[in-house]
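Okay, structure first, notes after.
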Amino acid sequence: MKKLDVFSLAETVAQASVSGEITRELLRDGNDLYEPLQQIGKLKRFSPCGAIEVGCIKDGRFLVEQL
């Protein structure tokens with residue numbers, strides 16, 4: 001069995017994260033991405049269609065408060 005070089009993998013992921021490659025790939029694959037805001041309980045959602053919305057999670061659903 002081949003050993004996993006954890007440090008090399010971590011470096012590759014960090015570089016892809018900084019470059020935005022991971023974000024672009026996740027959005028391209030149809031995923032919504034969420035980013036916490038400084039205001040407690042508020043999130044910014046990035047959708048594959050290009051929409052950026054601010055809201056919160058309530059009862060397991062994202063409620064849009066601002067486009």
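Of all the heavy atoms in I52 and F46, the pair that sits closest is CG1-CD2, 3.7 Å.
By the criterion of side-chain heavy atoms lying less than 4.5 angstrom apart, applied directly or through intervening Ile, Leu, Val, Met, Phe, Trp or Tyr residues, V54 is not grouped with Y34; the two fall into different hydrophobic clusters. Cluster annotation: I22 and L33 are assigned to the same hydrophobic cluster (Ile/Leu/Val/Met/Phe/Trp/Tyr, side-chain heavy-atom contacts under 4.5 Å, transitive).
Under the salt bridge (Lys or Arg N to Asp or Glu O under 4.0 Å) criterion, no residue pair touches residues 3-21, with sequence neighbours excluded.
Taking L9 as the reference, L4, V13 meet the side chain to side chain contact (heavy atoms under 4.5 Å, CB included) condition, with sequence neighbours excluded. Residues satisfying the side chain to side chain contact (heavy atoms under 4.5 Å, CB included) criterion with A14, sequence neighbours excluded, are absent altogether. Partners of R45 according to the salt bridge (charged side-chain N to carboxylate O under 4.0 Å, His left out) rule, which considers only residues two or more places apart in sequence or in another chain, are E53. Residues satisfying the side chain to side chain donor-acceptor pair (under 3.5 Å) test with K42, not counting sequence neighbours, are E65. Partners of T12 by side chain to side chain donor-acceptor pair (under 3.5 Å), not counting sequence neighbours: none found.
At least one side-chain heavy atom of P48 sits less than 4.5 Å from a side-chain heavy atom of D32.
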